[in-house]
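Structure record follows, encoded as structure tokens.
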Amino acid sequence: MVCCYSEANAALMNSIQLLHQASITSVSQLSGAGEDDSNEIIFGGHMCRCPRRTSCPHIVRAPTVIAMVGLPARGKTYISKKLTRYLNWIGITTRAFNVGEYRRAATNSYKNHNFFRSDNKEAQEIRTKCAVMAINDACKFLDRGGEVAVIDATNTTKERRRMLVHHCTEQHQFKLFFVESVCDDPNIIEANILEVKVCSPDYTGQDKNEAVKDFLQRIEHYRHTYETMDDATERDLSYIQIFNQGERFIVNKLAGHLQSRVVYYLMNIHVLPRTIYLTRHGESAMNLLGKIGGDSDLSERGWAYAEALGRFVEEENIPQLKVWTSELKRTIQTSRYVNAPKEHWKALNEIDAGVCEGMTYEEIQQKYPEEFALRDQDKFHYRYPSGESYQDLVARLEPVILELERQENVMVICHQAVCRCLLAYFQDKSAEDLPYLKVPLHTVVKLTPVAYGCRVEFLALDIPAVNTHREKPKEDNSVNIVENCSWPMILTVLVF
Amino acid sequence: MSHESVPLPNKASCPHIVRAPTVIAMVGLPARGKTYISKKLTRYLNWIGITTRAFNVGEYRRAATNSYKNHNFFRSDNKEAQEIRTKCAVMAINDACKFLDRGGEVAVIDATNTTKERRRMLVHHCTEQHQFKLFFVESVCDDPNIIEANILEVKVCSPDYTGQDKNEAVKDFLQRIEHYRHTYETMDDATERDLSYIQIFNQGERFIVNKLAGHLQSRVVYYLMNIHVLPRTIYLTRHGESAMNLLGKIGGDSDLSERGWAYAEALGRFVEEENIPQLKVWTSELKRTIQTSRYVNAPKEHWKALNEIDAGVCEGMTYEEIQQKYPEEFALRDQDKFHYRYPSGESYQDLVARLEPVILELERQENVMVICHQAVCRCLLAYFQDKSAEDLPYLKVPLHTVVKLTPVAYGCRVEFLALDIPAVNTHREKPKHVLTHRPVTDSQPCTCFDF
């Protein structure tokens, strides 16, 4: 592929990008380019781009509070954690604030449900204080650069919601979006209690049945004062009501791109039990040569893995399994012996290494030493010239993740960088950790949703293969850039 | 080179939509935007690669009867008219089912469907007699201003009212609505709980979504939640003439030529004169579009998704060079330009898939100017002008021209405004001979030095 600017300038651009990340805001004043957009620095006709929202560059900073609403055991914490994980993965800095945790920190150990009686004045004071602390922390988080704060609490009275409206949208200028979970199916509720409540710190050491009985009485105390979001009096608020785990939704006054994405996500997740299998293609001819990218066939051992994978799926006996591969030959070949319907996604193709396609790491080090060093400095944001970054990968994998959420049993046969991005979503890994996740060849990663997270098992299928993993190197290569640099102004900024 | 570069026609952005033929049935009183939604939804689904057609019962009625006299046709006690109307509804439903049986994927039935009885008939016909999915889209509106605006925009000029005075037409139509209102039963949570539907209140203020079944319905709901009817203008333009354009080379990341910079300045003046409130400018991440936006006084956002089509191994080559180095590829591209994927590159079909989030966000926004590239511009224009996959890759989008799109009635007014700065012509028509072993002269490489 054609690269139309010199490598030295590319290195310069990337280093400016990194400096900007380190909050040196005066660089734009040095440039003399005079652009109005502070994220865009034109330097001698070349562009410098700063880390951007993965798939939504246009989400202007609109700090938002998402407030959960609902009786206990309606899935509020489940939704909070999942939503937080998803938003962080697509690049929106999000944190959840669970009022229950504040309460546990503020009081002595939980004795029984009487703590939650509406006439227990002392407890009421503590609970209100904890709610206010959580809201204050959420607002502080947003003031300091966070983009979304999820307040995980019951918020079951109009009064409490009005307090949130006042605090978030009047005292601060945050957007406020309510997510109410309504459920009246006793089976679902009991299942939730057994899954996540009985093992909570409130009930350590207690008999399971006793814990369930106590929790049900806890819910009753809340029920007396529960006011579901009201179409008549709360018409001006932005909210979504979820009925019976997604059977029905009411969406009111959606305000902005973020809320629109949140609603789309909430409408596509489900809680049915299922398993997701992630694996890379079998060892390929390019792997054997240590080269990256390309569209090569499987090696002999790669084919052995394909056969082993077929047997593995047979033994796992997975109902209604679907297999997704990329459109590159090595993943399609790997799926050859798996007995299930297959779909091929271009979005699952390996990261595009641009000018470095088909090279070994040694060749890249030789031909593009600054690029190689820059990549090690910020592997997540670094974009290969005429290629992609991990950040770009996440953007193109988002529809895959959304569809994975909709589906049930799926096996995804993909590539190293792609696998890292998908795994980071399920395991809630940060952008720093994501590019260094270990995803060895000839290994199936089995993901089973459990409680608030995911059980992850790495099952090596015992077929030898090369190791394509590269750790983050220890020595700091940034000094080399300064020596190659011929811009005196930048030199003074780099030396700090 | 092998012929593997032409992938089988695949759903643009959703390869996993297994064949699940679906009937989408509109519900609502007249002048609630049902036809607007039907047409827009049909256009969107076709653009993302889902074969869709709308069946408007009103058109069937006009074809079946003599010219429309007045609103009494729609009285609930007008037995003769009722028979005709029921017959037309049944004809439309039959045609919709035939369309799905013959390979269509989504049929939109654009009718009032305002009674439970009529909806039950649809359920029986679509999901029991055939095995289609059925999804209702109800539009509920009680704001008289909105309704009158709708009537003036699309009803007064309908064939039913040709030659009539505007105010008379409005009065007649309002009485027509009254006849429907007597028997109107909105989708009922209690008795229609098992149906899949979305209710849209007051043009998107509020939504009720019930029993979403499947990926397609999920995408339809997302689309419906993001469109709006506020007046606004979209401007599409390519970057100014670039250094690569002058050399006749495709792809790359070059700077603007001198004339390209002249266009950038002219564009700044143009925006000034248009006086567009709260304009936002979107560019790709390639230099030539960012440079073109230099003098436009508005906030800018850069989308990687707006980058030009990736020509893979052909990046940086002229059409003559491609013809010489990859003659079979070159011919294959002419045979099916929409689906053809450059080796290690992209196809127009891939482009549509990556532009879908851009279109969705364009729908959410108001006044936007998009500065992009030839192939990207063609894809976006095809969405707004409802062009087919065959026509899309040959749409003319000359350099130094602004395409101004204004929503009007059920479609879009399109104006091509050339800013009078000369540039090369980068357009290449479909040649007459597209077989692989054609003589070089028949391949009609682009003549890029016209003016």
Go through A:Leu254, A:Val251, A:Asn349 and name the one with the most non-hydrogen pairs under 4.5 angstrom from chain B.
A:Val251

For each of B:Gly214, B:Ala311, B:Gly251, B:Cys314, tally heavy-atom pairs with chain A at distances under 4.5 Å, and name the one with the top tally.
B:Gly214

Applying a strict 4.5 Å limit to non-hydrogen atoms, the region of A:Asn252 in contact with chain B is both

Write down the atom of A:His257, the atom of B:Arg364, and the distance for their closest heavy-atom approach.
N-NH2, 3.0 Å

Distance from A:Asn268 atom CG to B:Arg219 atom CZ, nearest 0.5 Å?
10.0 Å

If you measure from NZ on B:Lys304 to CG on A:Asp392, what distance do you get to the nearest 0.5 Å?
4.5 Å

Reported CZ-to-NZ distance for the pair B:Arg206 and A:Lys253, which is rounded to 0.5 angstrom:
9.5 Å

In Å, rounded to the nearest 0.5 Å, how long is the span from CG of A:Asp231 to CZ of B:Phe201?
8.5 Å

Residue among A:Arg235, A:Arg396, A:Met267 with most heavy-atom pairs under 4.5 Å to chain B:
A:Met267

A:Glu403 CD to B:Ser218 OG distance, which is reported to the nearest 0.5 Å
8.0 Å

Side chain, backbone, both or neither: which part of A:Tyr239 has an atom under 4.5 Å from a heavy atom of chain B?
side chain

Using a strict threshold of under 4.0 Å (side-chain N to carboxylate O), is an ion pair present between A:Glu327 and B:Arg341?
yes

Measure the OH-CG distance between A:Tyr264 and B:Leu360 for me, rounded to the nearest 0.5 Å.
8.5 Å

